[in-house]
Amino acid sequence: MSTTTAPAVSIDTDRPGIPLTRLVGVEVRKSFDTRAGRWLSISILGLCAVVMLVIAFLVTDSGEFQDFPFFIQAMGGTLGYFLPIIAIMLVTAEWGQRTGLVTFTLEPRRPRVVVAKLLAGLIISIGVMLLSAALAAVGTFLASSVRGVDVSWSISGHEIFNFAVSNLIGVLIGFAVAMLLMNTAAAIVGYFVYTLVLPIVVGIVGGLVEWFGDLAPWIELNTALVPLFTGDFDPTGEEWARIATAGTIWLVLPLGFGIYRLLRSEVK
Amino acid sequence: MIQVQNLTKTYAGFTAVDDVSFTCRPGAVTGFLGPNGAGKSTTMRIIAGLTPPSKGSATVGGVDYRDIPNPGTQVGVLLDASAQHAGRTGREILTIGARTMGLPQSRVDEMLALVSLSDKESRRRVRNYSLDMRQRLGIAHALLGEPKILMLDEPANGLDPAGIHWMRGLLRGYADRGGTVLLSSHLLHEVQIIADELIVIGNGKIVAQGTKEELLQAAGTYVRGLEPRALEQALASAGITVTPSGEGLTTEAAPEVVGKAAAAAGVALVELRQADGAGLEEMFLQLTATTQRDAVPTEGAQA
């Protein structure tokens, strides 16, 4: 083969790279451009709407059940189960559907793809949270106007904080579990084990074994986070240390290991 | 220009790519030919920065692929036409690519027209695409960013003969404009139609490379003697190595050399010619016979 006639290098290394905003935009788009992706978000909001209607019309009207903060709390509880699935799918679809082959060819700087996915997951989650808050407002309005319940619209900063932060932490956990497991079904199961099974198991074992009960808040994030979302909403120094420790175990380590593996692994 | 140097990739004791070196020059279509599992895809994934090599290096235009900013606009890559989300439409897949690379939406329509995917087809989900349509979509995706270098893994797989000729026209024009093309195939006739230069790989090792003409020549000579045993001995004593082929023998030596050796030994020949009968096919089988998976009997059924 004659290589003497080959012209000079044809690759331009001074060209601008792909800005992160564009990557985030593409990732957001990828969450909605398949039937599965679109219906996931629509179903989550549909479920929120059902919960809202049940509370507005069927739940007993004695007490504070039709107050706006209660609706917000119910929305948050519903989202807590399903919102992280959106973030999980953003990560795992690249492996299950093998689109990673294209994604990482177009942007070989893999950590940027991870950051774009994380930001896209947070943006979509915030969007769904805002829509569910709107549903909460609709529920409060319906309970008041149609059912004639005497409702309260006042909501405290703590209640908003609880709704927003607990859901975003759930999304981050889902993302981290997905990065660790790289498989949709396993990641969803993993998230539910973390969020549903683990606190119960830890609660039971902690009640039976004293030393484990003392240890639990240090290693189990749900338990560690309790002081952040209840009581005076003001964790003590030790409680913050527990959140940091458990957060490292459940968020930082899986995410760090997932990214480390992604950087070294081959995309097939 | 794609340059691969002493590339080796081992997986837990298994060597998928074994000390492979080659260069794809601009203006030519280089065919990467080898049986399935020969290491073609692994080599291409290493070039695209998706698989880390165990040893050696692969550069595109002198640069590590991962150091190319917005690489889609400089190197067009198709590694697996089926590796797409089955639930996306063809148009949407191109749109995502165009958005990532920062291209206008009009590029999507241009590429769809180039690969002859109709507007209606482009709005169907990839799940319902034939392999032929997936390949066309994959080629459209690779060409989206107007790259100067193209790397396509098995792009003709699933194309009908007309489709293969269409691709030849497309890639020929692309190379004539100064583009570099590396395409792989496990089918000789595809590569024979499309490529100018060939790299033949078997079990991770390069077994032959050169222009199509050079490799045709390398197929050597076919010779048949009146007394086969006497001819074999005559050629052996002249230092010419032969392999039995049907009733006669094939050798890498030129017909002239074989004729002289036979004449000197006084052996009568019935047939002496350039072994070009099946062209590259013979060469491909010959080159890969020792390294391919299935054991192919080298001796025909003796009458």
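Proteins come first, then strands; the chains are lettered A, B, ... in the order of their sequence lines, and each starts at number 1. Since the model is a prediction, treat every value here as computed from it, not as a measurement.
- Heavy atoms of Ile46(B) lying under 4.5 Å from chain A are absent altogether.
- In this structure, chain A has no heavy atom under 4.5 Å from any part of Thr89(B).
- The two residues Glu266(A) and Pro52(B) have their closest heavy-atom pair at CB-CD, 3.9 Å.
- When atom types are taken as modelled, the side chain of Arg88(B) and the backbone of Lys30(A) share a donor-acceptor pair closer than 3.5 angstrom.
- Heavy atoms closer than 4.5 Å to chain A are found in both the backbone and the side chain of Asp80(B).
- Here the closest non-hydrogen pair linking Pro69(B) and Asp14(A) is CG-N, 4.5 Å.
- Under the 3.5 Å distance criterion, the side-chain polar atoms of Arg22(A) are matched with a main-chain donor or acceptor of Arg99(B).
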(message) Go through it in stages, so that I can follow the logic: the residues are Thr13(A) and Asp67(B), the test is side chain to side chain contact (heavy atoms under 4.5 Å, CB included), and I'd like the CA-CA distance, side-chain angles, deciding distance and then a yes or no.
(response) CA-CA 7 Å; Thr13(A) 49; Asp67(B) 293 332; 5.6 Å; no
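- Atom OH of Tyr81(A) has 12 or fewer neighbouring heavy atoms from other residues, nucleotides or ligands inside a 6.0 Å radius.
- In this structure, CG in Leu101(A) is found 9.0 Å from CG in Asp153(B), a value given to the nearest 0.5 Å.
- Heavy atoms closer than 4.5 Å to chain B are found in the side chain of Arg38(A), but not in its backbone.
- Comparing Ile68(B), Thr95(B), Thr180(B), Leu79(B) by how many heavy-atom pairs each has under 4.5 Å with chain A, the most go to Ile68(B).
- For a residue to count as touching a neighbouring chain, one of its non-hydrogen atoms must lie under 4.5 Å from one of that chain's; by this rule Arg109(A) touches chain B with the side chain only.
- Taken to the nearest 0.5 Å, the CG atom of Leu78(B) stands 10.0 Å off from the OG1 atom of Thr105(A).
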(request) Apply side chain to side chain contact (heavy atoms under 4.5 Å, CB included) to the pair Val60(B) and Ile11(A), showing each step before the final yes or no. (result) CA-CA 8 Å; Val60(B) 183; Ile11(A) 294 293; 4.2 Å; yes
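- Separation of atoms OG (Ser82(B)) and CZ (Arg98(A)) is listed at 7.5 Å; rounding is to 0.5 Å.
- Rounded to the nearest 0.5 Å, atoms CD (Glu92(B)) and OG1 (Thr34(A)) are 9.0 Å apart.
- For Arg110(A), the part sitting under 4.5 Å from any heavy atom of chain B is the side chain, from C-beta outward, and nothing else.
- In this structure, Leu50(B) and Phe104(A) approach most closely via the heavy-atom pair CD2-CB, 3.8 Å.
- Of the atoms belonging to Leu106(A), heavy atoms from both backbone and side chain fall under 4.5 Å from chain B.
- Around atom OH of Tyr11(B), more than 12 heavy atoms belonging to other residues, nucleotides or ligands sit under 6.0 Å away.
- For Ser265(A), the part lying near chain B is the backbone, with the side chain staying farther off; criterion is any non-hydrogen pair under 4.5 Å.
- In this structure, Pro108(A) and Arg66(B) approach most closely via the heavy-atom pair CB-CG, 3.5 Å.
- Taking 4.5 Å as the limit, every side-chain heavy atom of Val267(A) sits out of range of all side-chain heavy atoms of Thr51(B).
- Here the CD atom belonging to Gln74(B) is positioned 4.0 Å from the CZ atom belonging to Arg15(A), to the nearest 0.5 angstrom.
- Heavy-atom distances place no part of Pro19(A) under 4.5 Å from chain B, backbone and side chain included.
- To the nearest 0.5 Å, atom CG of residue Asp12(A) and atom NZ of residue Lys148(B) are 7.0 Å apart.
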